[in-house]
Amino acid sequence: MTGTSGVRAVCEGCGAAYRVPSAERAYACKKCGGAVRAEDGDARADDALGRACPACHAVLPATSRFCPECGAEWRAEGARPASRRSLTERRLAAHDLGRARRAIRAVRAVFWTYGALSFLSVLGSLAFLRVADDDQVGPVLVLLGMCTLLCLLSLAGLNLAARHPFPCAVALASFASLVVALVALQGEIHLIPLGLAAASWAAVVPTARARRLLREHSDLYVARRLMGAHPAEAIEGAQAMRDHGRRAWLRLGAQATGLLLLVGLATLGVWRKRTPLSPSLADAGVELEEQLALQAELARFHKAWNRGTPEDIVALQSRWITLSDATRIPMTLARRGWHVERPALQVAGIDGAELDETGMLADRTFRFESLDAELVTRWKRIGRSWHLDSLTLPPTSLEDDLRAFASAWPRAERLAAFYSEPLRESGRASLERILAERGWTAEAPPLGAFELGATHANTREVRFAVGGERMRTLWSFPTGADCWYLTVLEPPDE
Amino acid sequence: MSACPACGARVARTARFCTGCGGRLEAAHAVARRRGELEVAQRVVAAIGLVVLATFALVAATALAGERTLRVELGFELGLAALGLGAARVLGPRGPREALGGGAGPLAVLAGVAGGLASFAVGWGYATAVNALSGAEAEPLPADELPLLLVTVALLPALAEEWLYRGALWVACRRAVGVTATIVVTALVFALLHGLGGGFVLELPHRFIAGLVLGFLRARTGSLAPCVVAHLVNNALAVLVA
């Protein structure tokens with residue numbers, strides 16, 4: 001092969017000049033892969049422009065010693081053309097993709113932050129929805145939708161950041177700037193939104209070239225790592241990119257469906273248990289946080305009543321109340337026979353609130369599920385927390401109280417609950433003495449049928465049959481009370 | 001022609017080896033090409049940043065100015081147009097011409113009218129649904145100021161915003177990503193930049209869809225005119241219905 005053999009030809013794609021052995025055939029361009037065809041006319045005889053490179057057939061200028069395409073000396077034989085992508089190019093691409101990778105990590109971190117904040121806002125909206133009254137439900141649902149949308153956008157950004165870095169970075173930077181501007185319009189500057197916006201904008205420049213670099217150097221280690229493909233996998237870079245894109249969309253679809261299902265089910269659940277706060281609380285000047293705190297205490301009371309012990313209910317009272325009288329509520333419950341099991345209560349909201357000289361008081365009336373009666377609870381705000389102040393049980397008939405008395409016989413500690421509070425301790429001592437004198441402490445004759453006697457004002461005489469004798473008792477119903485109280489118990493004569 | 005960094009010989013710009021000394025020119029070419037690409041990327045990001053940040057600043061300044069009189073509106077829209085020009089100029093001397101795009105035929109204008117109707121239908125349906133859910137009521141606009149409102153709410157924003165988003169921002173994004181990604185990014189930024197109007201994320205869904213429609217028009221026709229027509233139709237209908 002000589003340097004001047006062949007005919008002149010040009011690449012149709014990039015215009016590179018070559019010398020080719022035959023004018024009849026088409027050749028592939030070594031630069032761009034396009035078709036190289038012989039020039040028309042008398043170009044075959046034109047040798048004035050120079051010689052052809054023996055290695056790559058490129059045209060050599062007349063004065064050149066080295067080929068401008070492959071670097072081979074034109075006399076040298078068997079010179080190999082250099083590879084199309086130089087080492088420098090690959091190193092620079094790897095460096096830039098490494099920067100893009102770090103930028104994408106920063107973008108994903110910011111998306112994580114916004115996603116977590118949005119999810120917290122979704123939870124907050126659900127908490128609002130639980131206590132919102134009918135007028136507030138619409139705006140709260142709109143707020144819930146907004147927060148869910150933000151969550152979905154954050155999920156999209158997290159999943160697609162590696163496949164579409166530039167759009168994700170620009171969208172994130174714009175959103176972060178919007179947040180900063182909204183905060184600034186309120187007359188405040190917060191460092192966290194400002195920092196997130198700055199980090200987002202700093203990530204835009206490295207990602208601007210990432211897509212092109214990924215396409216051109218998809219066989220690079222960093223590109224494959226960026227796409228989540230293992231470097232040792234026998235898979236082409238372009239295929240890894242396509243696989244990554246498909247996986248990202250699938251993952252996003254699954255996560256979005258899961259999130260929507262979760263929020264939808266949670267909304268339905270909250271809606272079914274919705275217990276609106278009373279507007280009277282806001283009218284009375286109770287802050288929203290305190291209203292929510294009261295709602296939480298009501299939920300604890302509901303749980304303690306239905307599934308807990310009297311001690312759980314006492315725990316809802318203030319420490320100062322329990323120090324002075326921790327037995328009042330257990331006694332009241334024991335008197336009704338409700339010390340172990342109680343008729344279930346329905347969930348309830350707040351009836352009303354008032355501010356009196358002792359502080360803020362709020363009432364709540366619960367309805368029993370199985371009884372046609374109501375339980376009124378009174379709550380007192382001490383500091384920023386709410387405590388159970390008192391319980392008002394549904395009023396009972398004398399027959400009910402007498403039957404409960406008979407079921408408590410002969411345990412003095414339970415019978416003492418039938419005395420009114422001032423007489424309770426003395427009544428208990430008297431009962432213990434009577435039971436001991438009769439030898440009924442271990443085993444006593446059961447109480448038989450009772451017989452209602454005369455009525456004087458609000459006092460009624462009742463006689464119980466016990467061991468073939470008659471035991472006389474006096475019961476009174478004080479004004480404003482919810483039940484009858486034992487005032488006198490005379491044991492049968494020995 | 002360029003010079004070999006080793007021997008100073010003049011070589012073709014596309015040569016990979018020096019014809020004088022045989023030294024590798026690829027590294028120098030690769031570094032130069034990378035520098036050029038980085039410069040383009042920086043210009044793109046500068047243009048986008050200018051559009052986004054300066055628009056927020058402009059909207060915030062207008063909100064703080066208090067009552068939106070004709071003079072304030074005019075100043076705001078002129079500010080947007082100037083921003084668009086600045087962002088397009090950052091992209092290079094050919095930026096403004098590229099932002100304007102080519103000419104539009106009557107078919108493209110008709111497509112713009114159809115796009116405007118479609119985006120208005122989506123926006124009106126969305127706004128009605130949100131208002132019904134939240135219990136809010138749209139404030140009726142004063143009927144005696146209709147011509148003025150059509151100019152300040154429909155015509156000026158259509159011209160300024162389209163020049164900004166489907167003009168400067170479009171060209172900036174197009175230099176970095178493909179057509180689909182450009183449509184999505186411009187629509188998203190278009191929607192987000194309306195969030196300062198008081199609706200925050202509430203403004204996002206219907207504005208985003210309107211942005212997609214306008215971006216699609218720009219991509220199909222290659223011109224800014226159909227986008228302006230669509231935006232004008234959308235805003236004018238909103239004013240007339242309100």
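In what follows, chains carry the letters A, B, and so on, assigned in the order in which the sequence lines appear, proteins first and then strands, with residues in each chain numbered from 1.
In the displayed structure, A:F128 atom CZ is contacted under 6.0 Å by at most 12 heavy atoms of other residues, nucleotides or ligands.
Paired with A:F111 under the rule side-chain contact (heavy atoms from CB on, under 4.5 Å), one option of A:L160, A:L158, A:L155 passes, and it is A:L158.
Taking the six-membered ring where the residue is Trp, the centroids of B:Y165 and B:H231 are separated by 6.0 Å or more.
The residue among B:A181, B:G49, B:A46 with the most heavy atom pairs within less than 4.5 Å of chain A is B:G49. Contact count against chain A (heavy-atom pairs under 4.5 Å) is highest for B:V52 among B:V130, B:V52, B:T182. Among A:A169, A:S174, A:A184, the residue making the largest number of heavy-atom pairs under 4.5 Å with chain B is A:S174. Ranked by heavy-atom pairs under 4.5 Å with chain A, the list B:V44, B:T55, B:L53 is led by B:L53. The greatest number of non-hydrogen atom pairs below 4.5 Å with chain A, out of B:V45, B:V40, B:L38, is found for B:V45. Contacts with chain A were tallied for B:A176, B:A132, B:P205; B:A176 has the most, counting heavy-atom pairs under 4.5 Å.
Considering all non-hydrogen atoms of both residues, A:R209 and B:A41 come closest at CG-CB, 3.8 Å. What you find for B:A172 and B:L91 is that their closest heavy atoms are N-CD1, 3.7 Å.
Contact of A:L153 with chain B is made through the side chain alone, with heavy-atom distances under 4.5 Å. Of the two parts of A:L92, the backbone and the side chain both hold a non-hydrogen atom closer than 4.5 Å to a non-hydrogen atom of chain B. No part of B:V184 comes within reach of chain A, as not one of its non-hydrogen atoms sits under 4.5 angstrom from that chain. When heavy atoms are compared at a cutoff of 4.5 Å, B:L188 approaches chain A solely by way of its side chain, counted from C-beta outward.
One finds a salt bridge joining B:E39 and B:R43 here, because a Lys/Arg side-chain nitrogen approaches an Asp/Glu carboxylate oxygen to under 4.0 Å.
Remark: the backbone N or O of B:V177 is paired with a side-chain donor or acceptor of B:R174 at under 3.5 angstrom.
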